[in-house]
Amino acid sequence: MRRSHARNRVNSICNSNSNSRSTGGSRSTAKMDQIRFQSRSNTRSPNFFPQISKQSRMISPLVVALVPATFAILLFCYLFIFSTKGTEKYRIIIDGGSTGTRIHVFRYTVEGGIAVFDFKEDGLVSMRVSPGLSAYAGDPENAGLSVMRLLEFGKSNVPKRLWAATEIRLMATAGLRLLDIGVQEVILESCRRVLSVSGFKFHDKWASVITGSDEGVYAWVVVNYALGTLGGDPLQTTGIIELGGASAQVTFVSSEPMPPEFARTVRFGNSTYNLYSHSFLHFGQNIAFESMRESLISRELELASNSLHNGNGVHADPCSPKGYLHDRESWKMSPGSLPERNEFLSKLRASGNFSECRSLALMLLQMGKEKCSYNHCNLGSTFMPKLQGKFLATENFFHTSKFFELKPRAFLSGLVMAGERFCGEYWSKLKNEYRTVDEEDLLHYCFSSAYIVALLHDGLGFALDDERYISSFYLLSADSPSWLN
Ligand SMILES: Nc1nc2c(ncn2[C@@H]2O[C@H](COP(=O)(O)OP(=O)(O)OP(=O)(O)O)[C@@H](O)[C@H]2O)c(=O)[nH]1
Ligand SMILES: [Ca+2]
């Protein structure tokens, strides 16, 4: 049923695409080809989205399905519209995330001019390598080596006779966005060299860093296609909140007027969706964890320097369970006087306190709020219209809720209880209780529970007792929080 449903929708979506394929063309500065957006963004600049092809910006409604490499599907539906009928075909996307690089190999057939995906069995196979491309910032020329193993995996899953016809793309996200443009380009060039001799079909411009706003729009389109709400009433669509490693995306339909840099328009069939879409760089969970540690050091060093310090020389870290001993290796120290920092670390005591950790997380999320120049900023000084409707929380929200085995009801209030217990427990007991969990991962769960509650409830105003969810994601409703109304 679902499959034929998807097929019908693919039909209506992809056929409406037929008039909007862009030409491949030589390598342009445009960081992304093929997908075009109707980005009636109320902006004067003709090249508001330079990374998107310059031709008319029709957002071509694209077939999507809720799979890990969400925007891959969007891309491929658009690409194979002109595929001739025939046997199975393949498309490959490489998702260059901050915590890892993943290859997704899609197999599909073309029936009656449309693509039919099969996500069961080996219709979609994936592989991941860590660390992500941004870890090569110190050795960008060799970043492409990390893609080699992925390409071997790709070749082992595509018949050799089809390699030359199989298009491969690399789309990097927040990990690379955090690097200097020059370093980004060297890393991408290194990947392009490897991809261009891979045997797959590749153009240099098919390796790019996508904008956070695009990343959010892709996720929104995927989710609403999968929920069957794309093409219907905008007010019935579901917003997305994606918590990645380095960035967090928030994208939803809003009827409020908004500054052009936050506004996106998605056209799908006869429906037009006016979206708010923003990616909060540095708000991804892994980066936020490092920022929390940095804030501990700088705050305590400041206290120590202006002698307001409590004098007993012990500094508290509420986001690490009691008994955890901070070692220098695990702290990614930013430049600064290492001896002073090591001195600080030796006096840092894990105090394991969920509410203090939650307050510390909220302080990070609200940094810069005093500079808010809009009628309201939920996070930092960034504009965000009143949240409306339902939301889907993905990525780290899912991993954290899965770790705590949260019941699918009352997600946030359940997370508060789970976080309070976990943060308050002794480290030795936690290690014993979670023997199969890598200690580095285990250490993050006190912070991640506190960070998610600070982000979703204290920052964005979702009710703690929201009781709805969708399968392995969690559905939050912004309709309930009082202070947002
Ligand atoms: N606890 C836990 N976290 C996971 C697991 N797999 C991935 N993660 C984390 O979940 C997040 C995955 O979100 P992604 O969007 O894939 O992260 P990413 O693409 O590397 O990061 P961005 O570049 O910011 O998008 C990252 O913070 C990972 O560290 C898992 O099995 N357990
Ligand atoms: Ca990601």
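Note that ligands are numbered from 1 as they come in the structure, with each ligand's atoms numbered from 1 the same way. Just so it is clear, the values below take in all heavy atoms, side chains as well, and ignore hydrogens, waters and symmetry mates.
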Margin query: In this structure, is the centre-to-centre distance between the rings of Tyr273 and Phe268 below 6.0 Å?
Written below: no
Next item on the list: Could you tell me the residue and atom name of the protein heavy atom closest to atom 7 (C) of ligand 1, and the distance to it rounded to 0.1 Å?
Entry: His399 NE2, 3.5 Å
Notebook entry, point to check: Can you find a pair of side-chain heavy atoms, one from Leu460 and one from Met384, that are under 4.5 Å apart?
Noted result: yes
Notebook entry, point to check: Can you list the steps and then say if Cys357 with Cys319 is a disulfide bond (SG atoms under 2.5 Å apart)?
Noted result: CA-CA 5 Å; Cys357 184; Cys319 299; 2.0 Å; yes
Checklist line | Atoms in ligand 1 with a heavy atom of Gly97 nearer than 4.0 Å | finding: 18 (P), 19 (O), 20 (O), 23 (O)
Check: Would you say the side chain of Tyr434 lies within less than 4.5 Å of the side chain of Tyr445, judging by non-hydrogen atoms?
Finding: no
Margin query: With a heavy-atom distance limit of 4.0 Å, tell me whether Asn286 approaches ligand 1 through its side chain, its backbone, both, or neither.
Written below: side chain
Item checked: Per-atom contacts, ligand 1 versus Ala174 - under 4.0 Å to a heavy atom -> 23 (O), 24 (O)
Check: Atoms of ligand 1 less than 4.0 Å from Ala246 heavy atoms?
Finding: 21 (O), 22 (P), 24 (O)
Margin query: Give me the residue, atom name and distance of the protein heavy atom closest to atom 28 (C) of ligand 1.
Written below: Thr99 OG1, 3.8 Å
Next item on the list: For atom 14 (P) of ligand 1, grab the closest protein heavy atom and report residue, atom and distance to one decimal in Å.
Entry: Glu395 OE1, 3.7 Å
Note to self: Below the 3.5 angstrom mark, is there an N/O of Arg102, backbone or side chain, next to an N/O of ligand 1?
What the structure shows: yes
Check: N/O of Arg128 under 3.5 Å from N/O of ligand 1, yes or no?
Finding: no
Margin query: In this structure, does ligand 1 have an atom that sits under 4.0 Å from one of the heavy atoms of Ser247?
Written below: yes
Checklist line | Check ion pair Asp214-Arg264 (N to O, under 4.0 angstrom) | finding: yes
Next item on the list: Give the residue, atom name and distance (to 0.1 Å) of the protein heavy atom nearest atom 22 (P) of ligand 1.
Entry: Ser98 OG, 3.5 Å
Next item on the list: For Thr173, take its heavy atoms, then give the atoms of ligand 1 lying under 4.0 Å from any of them.
Entry: 22 (P), 23 (O), 25 (O)
Check: Using a heavy-atom cut-off of under 4.0 Å, does the side chain or the backbone of Glu215 touch ligand 1, or both, or neither?
Finding: side chain
Notebook entry, point to check: Are any of the N or O atoms of Gly245 closer than 3.5 Å to those of ligand 1?
Noted result: yes
Next item on the list: State, yes or no, whether a side-chain contact exists between Tyr276 and Phe383 at a heavy-atom distance under 4.5 Å.
Entry: yes
Margin query: What verdict does the salt bridge (Lys or Arg N to Asp or Glu O under 4.0 Å) test give for Arg192 and Glu185, after you've listed the backbone C-alpha separation in whole Å, the side-chain angles of each residue and the deciding distance to 0.1 Å?
Written below: CA-CA 10 Å; Arg192 290 176 182 131; Glu185 202 45 38; 2.6 Å; yes
Next item on the list: Give the intermediate values and the outcome of side-chain hydrogen bond (donor to acceptor under 3.5 Å, both in side chains) for residues Ser279 and Gln249.
Entry: CA-CA 4 Å; Ser279 177; Gln249 284 68 247; 2.6 Å; yes
Next item on the list: Consider only side-chain N and O atoms of Thr99 and Arg128, and report whether a donor and an acceptor are under 3.5 Å apart.
Entry: yes
Note to self: Both conditions, 6.0 Å and 45 degrees, for the charged tip of Lys322 above the ring of Tyr426: are they met here?
What the structure shows: yes
Notebook entry, point to check: Should the proximity of Tyr445 to ligand 1, defined as any heavy atom under 4.0 Å, be assigned to the side chain, the backbone, both, or neither?
Noted result: side chain
Check: When you measure from atom 26 (C) of ligand 1 to every protein heavy atom, which one gives the shortest distance, and what is it?
Finding: Asn396 ND2, 3.6 Å
